[in-house]
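Count residues from 1 along the sequence.
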Amino acid sequence: MSFRTDRFGGAEVVPFPGRTPGAAASEPLRPVLIVLHQESSTPGRIGNALRALGHRLDIRRPRFGDPLPDTLDQHAGAVVFGGPMSANDSEDYVRREIDWIEVPLREQRPFLGICLGAQMLAKQLGARVAPHAQALTQIGYYPIRPTAAGRALCPDWPAQVYHWHREGFELPDGTELLAEGDDFPNQAFRAGNAFGVQFHPDVTYAMMHCWTTRGYDGLSAPGARERHHHFADRAVYDAAERAWLDHFVDGWLARRPLLAQAAE
């Protein structure tokens with residue numbers, strides 16, 4: 001199933017809403033659905049940010065048989081993370097996850113796709129996911145540039161962010177480009193309350209050690225940064241990326257379906 005529309009909650013981009021004072025004290029916070037793709041994967045820094053806001057994490061691994069809910073009525077939002085597989089793979093769990101993204105789109109729930117998750121969102125919306133035409137990769141830190149819409153939504157974007165991918169996505173019809181790059185032009189986009197980012201703000205220092213060790217062969221791919229540059233660049237760019245992520249996650253979860261707002 002594919003959910004397509006020219007309007008995702010209105011064309012006007014407005015800043016992320018702030019939290020309502022006292023809201024957390026008056027009602028329990030719902031958990032956030034976390035979709036991971038490997039047995040050893042963790043939600044990393046995004047999980048830390050969500051826990052700091054008081055949310056529990058409902059972790060599911062559909063690749064290993066975990067079901068995904070028919071509705072997000074019992075969740076504050078959903079995050080689909082990255083993985084070594086492709087959104088173009090023919091495995092059943094990949095196709096099921098892409099189809100499932102119709103649920104948060106239809107219900108206008110906060111949804112966030114990270115790398116593979118962003119590519120799955122793009123495919124659900126009818127866009128193409130493919131390798132770079134010159135087989136380039138982004139593995140390491142690379143610059144991004146927020147668009148006017150991205151700056152209006154969320155200020156203080158980091159100058160460079162961490163990537164680990166061989167494929168990119170076209171911008172789906174009717175969506176808003178929030179950040180762009182060079183070799184892979186589409187770096188972040190919005191479809192109503194659903195967001196996709198090509199980069200990895202979730203990566204902790206420990207995760208970077210793991211990825212650059214287990215995935216060492218990928219560091220020789222065209223366009224990839226050498227391992228020592230990952231850690232040298234982290235010392236320069238990570239503080240800004242972490243600060244941006246904390247602001248982004250808080251504002252993203254504060255978004256609510258238009259129907260719920262209209263009923264109040």
* **Salt bridge flag under 4.0 Å for residues Arg95 and Asp89** => no
* Is Tyr141 linked to Val197 within one hydrophobic cluster, defined over Ile, Leu, Val, Met, Phe, Trp and Tyr using a side-chain heavy-atom separation of less than 4.5 Å? -> no
* Classify the angle between the aromatic ring planes of Phe231 and His209 as parallel (below 30°), tilted (30 to 60°) or perpendicular (above 60°). => tilted
* To do: Examine distances only and state if a side-chain atom of Arg225 and a backbone atom of Ile139 form a donor-acceptor pair shorter than 3.5 Å.
  => no
* Leu116 versus Phe81: any side-chain heavy-atom pair under 4.5 Å? -> no
* To do: Give a yes or no answer on whether the side chain of Glu176 reaches the backbone of Phe189 with a donor-acceptor pair at less than 3.5 Å.
  => no
* Atom pair CD (Glu170) and CG (Asn186), whose distance is rounded to the nearest 0.5 Å -> 8.0 Å
* Asked: So which heavy atom on Leu125 is nearest to which on Pro172, and how close?
  -> CB-CB, 3.6 Å
* Asked: Side chains of Gln160 and Tyr237: do they bring a donor and an acceptor to under 3.5 Å?
  -> yes
* To do: On the 0 to 90° scale, with breaks at 30° and 60°, tag the Trp157-Trp244 ring pair as parallel, tilted or perpendicular.
  => tilted
* Asked: Among Arg227, His230, Glu226, which residue meets the side chain to side chain donor-acceptor pair (under 3.5 Å) test with Thr212?
  -> Arg227
* Asked: Do Val203 and Trp211 touch side chain to side chain, with heavy atoms closer than 4.5 Å?
  -> yes
* **Option from Asp73, Thr71, Asn193 for which side chain to side chain donor-acceptor pair (under 3.5 Å) with Arg109 holds** => Asp73
* **Separation between OG1 of Thr147 and CZ of Arg190, rounded to the nearest 0.5 Å** => 10.5 Å
* Any idea which heavy atoms bring His165 and Cys115 closest together, and the distance? -> CB-SG, 3.7 Å
* To do: Please check if Val236 and Met208 belong to a single hydrophobic cluster, counting links between Ile, Leu, Val, Met, Phe, Trp and Tyr side chain heavy atoms closer than 4.5 Å.
  => yes
* To do: Identify the two heavy atoms, one from Gly218 and one from Ala224, that lie closest to each other, and give their separation to 0.1 Å.
  => O-CB, 3.7 Å
* Please answer: with hydrophobic residues joined when any side-chain heavy atoms are less than 4.5 Å apart, are Met120 and Leu177 in the same cluster? => yes
* Asked: Got Arg61 and His37 here, is their nearest side-chain heavy-atom distance under 4.5 Å?
  -> no
* To do: Might you work through the side-chain contact (heavy atoms from CB on, under 4.5 Å) test for Leu50 and Ile34, ending with a clear yes or no?
  => CA-CA 11 Å; Leu50 292 170; Ile34 301 292; 4.0 Å; yes
* To do: With side-chain contact (heavy atoms from CB on, under 4.5 Å) as the test, would you mind laying out the steps for Gln138 and Trp164 before giving the verdict?
  => CA-CA 6 Å; Gln138 287 187 317; Trp164 197 295; over 6 Å; no
* Between His132 and Phe184, is the gap from one ring center to the other below 6.0 Å? -> yes
* Asked: Are the charged groups of Arg45 and Asp246 less than 4.0 angstrom apart, N to O?
  -> no
* Asked: For the ring pair His200 and Tyr162, is the centre-to-centre distance below 6.0 Å?
  -> no
* To do: Please check if Leu105 and Leu68 belong to a single hydrophobic cluster, counting links between Ile, Leu, Val, Met, Phe, Trp and Tyr side chain heavy atoms closer than 4.5 Å.
  => yes
* To do: Please determine if Arg56 and Asp58 form a salt bridge, counting it only when a charged side-chain N lies under 4.0 Å from a carboxylate O.
  => no
* Asked: Given the rule in the side-chain contact (heavy atoms from CB on, under 4.5 Å) test, do Leu33 and Ile59 qualify, once you have shown the distances and angles that lead to the verdict?
  -> CA-CA 6 Å; Leu33 182 69; Ile59 296 177; over 6 Å; no
* Roughly how far, to the nearest 0.5 Å, is CZ of Phe248 from CZ of Phe195? -> 5.0 Å
* **Gln108 side-chain N/O to Gly192 backbone N/O, donor-acceptor pair under 3.5 Å** => no
* Result of checking Gln198, Arg145, His163 against Gln187 for side chain to side chain donor-acceptor pair (under 3.5 Å) -> His163
* State the OG1-CD1 distance between Thr204 and Ile46, to the nearest 0.5 angstrom. => 11.5 Å
* Is the distance between the ring centroids of Phe199 and Tyr142 less than 6.0 Å? -> no
* Check: Val32 main-chain N/O paired with His55 side-chain donor or acceptor under 3.5 Å -> no
* **Rounded distance (nearest 0.5 Å) linking atom OH of Tyr93 with atom CD of Glu97** => 7.5 Å
* Are any non-hydrogen side-chain atoms of Leu178 and Leu153 less than 4.5 angstrom apart? -> yes
* Considering all heavy atoms of both residues, which atom of Pro62 and which atom of Val35 are nearest to each other, and what is their separation? -> CD-CG1, 3.7 Å
* Verdict with reasoning, Phe111 to Ile101, per side-chain contact (heavy atoms from CB on, under 4.5 Å) -> CA-CA 8 Å; Phe111 174 88; Ile101 294 174; 3.8 Å; yes
* Minimum heavy-atom distance Glu167-Ser86, with the two atoms named -> OE1-OG, 2.8 Å
* Asked: Between Pro146 and Arg151, what is the shortest heavy-atom contact and its length?
  -> O-NH1, 2.9 Å
* Decide yes or no for Leu36 and Pro43: does some side-chain heavy atom of the first lie under 4.5 Å from some side-chain heavy atom of the second? => yes
* To do: Identify whether Leu219 and Tyr205 are in the same connected component of the hydrophobic contact network (ILVMFWY, side-chain heavy atoms under 4.5 Å).
  => yes
* To do: Please indicate whether Asn88 has more than 12 foreign heavy atoms, meaning atoms of other residues, nucleotides or ligands, lying under 6.0 Å from its CG.
  => yes
* For residues Asp99 and Arg96, determine if any side-chain heavy atom of one lies less than 4.5 Å from a side-chain heavy atom of the other. => no
* To do: Find the distance between CG (Leu57) and NE2 (His75) and round it off to the nearest 0.5 Å.
  => 10.5 Å
* To do: Evaluate the side-chain proximity of Val94 to Arg63: yes if any heavy-atom separation is below 4.5 Å, no if none is.
  => no
* Any Pro67 side-chain heavy atom under 4.5 Å of Arg60 side chain -> yes
